[in-house]
Amino acid sequence: MHAALEQPTAYAVAERILHQTAEFLTARRSRRGCMTIQAAQVGGKESRSVRRKLVALRVKEQDFLRRRFKRAKSEGDLPKHADAADLARFITAVGQGMTVQAINGASRDDLFRLADMALRAWPKL
């Protein structure tokens, strides 16, 4: 995430996050999904504190993204009508959806196509 936030444009940030997500989720045959998504959905009362920490981590990462997109907007890299929080939620949701797709057996190519389809919705200047 942090390396992606250093990309020169907001679009490049989003692209790098989604493409790196596809690579991460398919890096090894045994890896399907991500702990912050899978672990946060299961468990009983005894794992409530872990789930809260994972939610906090996801919210923190989404906030980093929102701030980066807000900066991009102030620099003229995003159109005035673009909403930084909505874009951060969108990229986050696509990444989380890619995790579910990987769990379901999606290939790296499948995930790259999904990422590229999502990026076609990026707001134009």
Side-chain angles (χ1 to χ4, degrees):
M1 169 67 84
H2 297 289
L5 294 172
E6 296 173 6
Q7 295 299 302
T9 66
Y11 180 88
V13 168
E15 180 180 50
R16 181 146 183 202
I17 287 172
L18 295 180
H19 285 180
Q20 282 185 322
T21 298
E23 290 171 4
F24 169 79
L25 292 171
T26 59
R28 288 183 282 156
R29 203 158 172 73
S30 62
R31 180 184 290 158
R32 290 290 177 191
C34 124
M35 180 200 61
T36 64
I37 300 300
Q38 289 183 327
Q41 307 305 319
V42 297
K45 291 179 185 178
E46 67 281 352
S47 60
R48 210 177 289 164
S49 66
V50 172
R51 286 194 311 271
R52 278 194 298 263
K53 286 180 183 180
L54 293 172
V55 167
L57 175 65
R58 290 193 312 264
V59 168
K60 183 178 179 181
E61 287 183 350
Q62 184 174 304
D63 192 53
F64 285 141
L65 201 50
R66 179 194 58 78
R67 287 186 292 191
R68 176 60 180 88
F69 292 157
K70 186 175 180 180
R71 187 183 98 207
K73 191 172 173 179
S74 72
E75 293 172 348
D77 181 40
L78 284 170
K80 293 181 184 204
H81 70 274
D83 185 285
D86 287 346
L87 287 172
R89 268 190 296 278
F90 174 65
I91 295 302
T92 300
V94 171
Q96 291 166 347
M98 289 170 70
T99 294
V100 174
Q101 291 297 307
I103 292 166
N104 292 347
S107 70
R108 180 173 289 194
D109 287 341
D110 293 334
L111 297 180
F112 268 97
R113 285 193 310 276
L114 176 60
D116 292 341
M117 181 177 282
L119 290 167
R120 286 196 289 274
W122 197 253
K124 306 289 186 250
L125 279 174

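Every value quoted in this text rests on a predicted model; they were computed, and no experiment measured them.
No more than 12 heavy atoms of other residues, nucleotides or ligands shown are found within 6.0 angstrom of NZ on K80.
When all heavy atoms are compared, the tightest approach of L18 to M98 is O-CE, 3.3 Å. Taking every heavy atom of both residues into account, A121 and F90 meet most closely at CB-CZ, 4.2 Å. The two atoms that bring R108 and A22 nearest to each other are NE-O, 4.2 Å, heavy atoms only. For A3 against Q7, the heavy-atom pair with the smallest separation is O-NE2, 3.8 Å. In plain terms, the two heavy atoms of P79 and L125 that are nearest each other are N-CD2, 3.4 Å. In this structure, A14 and L119 approach most closely via the heavy-atom pair CB-CD2, 3.9 Å.
Within the model, atoms CD of Q96 and OG1 of T21 stand 10.0 Å from one another, a figure rounded to the nearest 0.5 Å. Of the inter-residue distances, the one linking T26 atom OG1 with D109 atom CG reads 8.5 Å to the nearest 0.5 angstrom. How far OG1 of T9 is from CG of L78: 8.5 Å, rounded to the nearest 0.5 Å. With rounding to the nearest 0.5 Å, the separation of CG in D77 from CZ in R68 is 6.5 Å. The CD1 atom of I91 sits 15.5 Å away from atom CZ of R66, with the distance rounded to the nearest 0.5 Å. With values rounded to the nearest 0.5 angstrom, E23 atom CD is found 10.5 Å from L111 atom CG.
Between D63 and R67, at least one side-chain N (NZ, or NE/NH1/NH2) sits under 4.0 Å from a carboxylate O, which counts as a salt bridge. Taking the charged nitrogens against the carboxylate oxygens, D110 and R113 do have a contact shorter than 4.0 Å, which makes a salt bridge.
Hydrophobic clustering, with ILVMFWY side chains joined whenever heavy atoms are under 4.5 angstrom apart, groups F64 together with Y11.
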Practice prompt. Dump the intermediate steps for salt bridge (charged side-chain N to carboxylate O under 4.0 Å, His left out) on R89 and D86, then the final yes or no.
Written response: CA-CA 5 Å; R89 268 190 296 278; D86 287 346; 2.5 Å; yes
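The aromatic rings of F69 and W122 stand perpendicular to each other, their planes meeting at an angle above 60°, with 30° marking the opposite boundary.
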